[in-house]
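So you know, we letter chains A, B, ... as the sequences are listed, proteins then strands, and number each from 1.
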2 protein chains.
Amino acid sequence: MSTTQMLKGILDGCILAIIKNKEVYGYELADKLENYGFHSFSEGTIYPLLLRMQKEELVTSTLKKSTAGPRRKYYSLTPKGEKELEKFIDRWNDLQNNVSNVLQHEADVKYNKGDETHEK
Amino acid sequence: MSTTQMLKGILDGCILAIIKNKEVYGYELADKLENYGFHSFSEGTIYPLLLRMQKEELVTSTLKKSTAGPRRKYYSLTPKGEKELEKFIDRWNDLQNNVSNVLQHEADVKYNKGDETHEK
DNA sequence: GCTCACTACCTTGTAATACCAGGTATAAAT
DNA sequence: ATTTATACCTGGTATTACAAGGTAGTGAGC
């Protein structure tokens, strides 16, 4: 049981969300995710994932020159990708609610940031 | 990208939480999870998971007779399991915060149940 | 020129894990 | 005896995060 396992299927959605906002390239994406608290993403995670999403037609890519290295592959969302993002958000909210319920009702958990504690 | 992928590593924690509250047997667990909104858990998911957790010494089991079928294998948490549960809760809170931040800042998401909507 | 550091992308193989499909066995009711 | 509900287990498969390694472009310093 590790953090990496908990990311399965969640990383996809986060990346879709970031791409929706503004087209990004893979190397940049790693930075952004790190800033959001996902520590140390290897490129071995990100690039295959982007390629997969492109194969599934959730994103498209265009190459652009860079002054600081080789060409960057910028990704943008397709309409299909937007729908997928919405579906992800629904699933994520469901999951969040379910897990929250389990933790609150079963484990005696003072839940999440900043909430007032409530004992059983 | 599916719901089942999003469960990876999360199901463990939920089960630990349920077991902490009161010893349960596998068949019962499936019911409880279903009630929490995790729809249709196959036993092929639950039993191997319980065996794995026992091998990792997070839970112990005792067999008890039942009047309604074969013997039930009741699971309880070990001290190690309790620690693991706490670690899970920490990781889950982190993950939750990170994903929430991504969705709020990047996608234009009216976030979670009942919140007021806010357009861009 | 040559080398080094940084940027940027990709591929191959591995581990973890949810789930499907099937199997076994006990107990009570018909 | 057969059926029904309960209860558990065991392959095998698909998905996916990640490590390790490779390739290549750009600019700076020598």
Side-chain angles (χ1 to χ4, degrees), chain A residues 1-16 23-34 38-56 58-59 61-75 84 88 91 95 98-99, chain B residues 1-16 23-34 38-56 58-59 61-75 84 88 91 95 98-99:
Chain A
M1 195 158 76
S2 68
T3 309
T4 90
Q5 286 300 320
M6 296 188 10
L7 284 172
K8 302 234 175 192
I10 291 173
L11 199 47
D12 303 51
C14 291
I15 288 180
L16 286 177
E23 61 171 16
V24 289
Y25 57 100
Y27 203 76
E28 188 186 6
L29 204 49
D31 258 13
K32 292 212 178 200
L33 286 169
E34 181 124 17
F38 300 99
H39 41 293
S40 71
F41 262 107
S42 85
E43 307 176 18
T45 301
I46 287 174
Y47 289 114
L49 203 159
L50 288 169
L51 292 175
R52 196 183 79 224
M53 294 202 302
Q54 186 164 28
K55 199 184 292 172
E56 291 169 0
L58 305 178
V59 297
S61 66
T62 53
L63 291 169
K64 295 185 183 176
K65 281 183 191 165
S66 162
T67 58
R71 286 178 306 172
R72 297 167 176 167
K73 204 177 198 175
Y74 283 86
Y75 288 92
E84 194 58 35
F88 164 75
R91 282 201 309 270
L95 180 66
N98 294 345
V99 176
Chain B
M1 193 158 78
S2 67
T3 310
T4 91
Q5 287 299 320
M6 293 185 18
L7 284 172
K8 302 233 177 194
I10 291 173
L11 199 47
D12 302 50
C14 291
I15 288 180
L16 285 177
E23 61 171 15
V24 289
Y25 58 100
Y27 203 76
E28 187 186 5
L29 205 49
D31 258 14
K32 292 212 177 200
L33 286 168
E34 182 123 17
F38 301 99
H39 40 293
S40 72
F41 263 107
S42 83
E43 307 175 17
T45 302
I46 287 175
Y47 290 114
L49 204 159
L50 287 170
L51 292 175
R52 196 182 79 225
M53 295 202 300
Q54 186 165 28
K55 199 185 289 172
E56 291 169 0
L58 304 177
V59 296
S61 66
T62 53
L63 291 168
K64 295 187 187 177
K65 282 183 191 164
S66 162
T67 58
R71 287 178 305 173
R72 297 166 175 167
K73 205 177 196 175
Y74 282 87
Y75 289 91
E84 195 58 35
F88 165 75
R91 283 201 308 272
L95 180 66
N98 294 344
V99 176

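Within 4.0 Å of A:Gly26, counting heavy atoms only, lie sugar-phosphate atoms of the nucleic acid but no base atom. Within the nucleic acid shown, A:Thr4 comes within 4.0 Å of sugar-phosphate atoms alone, with no base atom in reach, counting heavy atoms only.
Residue B:Ser61 is tested with B:Gln54, B:Glu23, B:Lys73 for a side chain to side chain donor-acceptor pair (under 3.5 Å); the sole match is B:Gln54.
The distance from atom CD1 of B:Ile15 to atom P of C:dT17 is 12 Å, rounded to the nearest whole Å. Separating the CZ atom of B:Phe88 from the P atom of C:dT17 is a distance of 12 Å, rounded to the nearest angstrom. What separates NZ of B:Lys65 from P of C:dA25 is a distance of 19 Å, to the nearest Å. Between the P atom of C:dA18 and the CG atom of A:Asn98 lies a distance of 15 Å, rounded to the nearest Å. With rounding to whole Å, B:Leu33 atom CG is found 10 Å from C:dC19 atom P. A:Met53 has its CE atom 11 Å from the P atom of D:dT16, to the nearest Å. Atom CZ of B:Arg91 and atom C1' of D:dA17 are 15 Å apart (whole Å). For the pair B:Leu7 CG and D:dT16 C1', the interatomic distance rounds to 14 Å; values are reported in whole Å.
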Give the intermediate values and the outcome of side chain to side chain contact (heavy atoms under 4.5 Å, CB included) for residues B:Lys55 and B:Leu51.
CA-CA 6 Å; B:Lys55 199 185 289 172; B:Leu51 292 175; over 6 Å; no
Evaluation steps, side chain to side chain contact (heavy atoms under 4.5 Å, CB included), between B:Met6 and A:Phe88:
CA-CA 10 Å; B:Met6 293 185 18; A:Phe88 164 75; 4.0 Å; yes
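Here A:Ile10 contributes atom CD1 and B:Ile10 contributes atom CD1; the two are 4.5 Å apart, rounded to the nearest 0.5 Å. Rounded to the nearest 0.5 angstrom, B:Leu29 CG and B:Ile15 CD1 are separated by 4.5 Å.
Side-chain proximity of A:Asp12 to the nucleotides D:dA7, C:dC10, D:dA17 is greatest for D:dA17. Nearest nucleotide to the A:Glu43 side chain, out of C:dC10, D:dT6, D:dT15: C:dC10. Side-chain atoms of A:Arg72 lie closest to C:dA8 of the nucleotides C:dA15, C:dA28, C:dA8. Side-chain proximity of B:Pro70 to the nucleotides C:dC10, C:dA25, D:dA14 is greatest for C:dA25. With C:dC10, D:dT6, C:dA16 as the choices, the nucleotide that has an atom nearest any side-chain atom of B:Tyr27 turns out to be D:dT6. With distances taken from any side-chain atom of B:Thr45 to the nucleotides C:dC19, D:dT16, C:dT11, the minimum falls on C:dC19. If you check D:dC8, C:dA16, C:dC9 against the side chain of A:Lys73, the one that comes closest is C:dC9. For A:Ala68, the side-chain atoms get nearest to C:dT7 when compared with the rest of C:dA18, C:dT7, D:dC8.
Side-chain N/O atoms of B:Tyr47 include none lying less than 4.0 angstrom from OP1 or OP2 on D:dC9. Close to D:dA19, at under 4.0 Å from its OP1 or OP2, lies a side-chain N or O of A:Ser42. Put simply, B:Tyr25 has no side-chain N or O that comes within less than 4.0 Å of OP1 or OP2 on D:dC8. Of the side-chain N and O atoms in A:Ser66, one or more sit less than 4.0 angstrom from OP1 or OP2 of C:dA8.
Residues B:Pro48 and A:Pro48 each lie close to DNA chain D; by heavy-atom proximity, the contact nearer the 5' end of the strand is made by B:Pro48. Both B:Arg71 and B:Leu51 lie close to DNA chain D; mapped to their nearest nucleotides by heavy-atom distance, the more 5′-ward contact belongs to B:Arg71.
Side-chain contact check for B:Leu95 versus A:Leu7: some heavy-atom pair is nearer than 4.5 Å.
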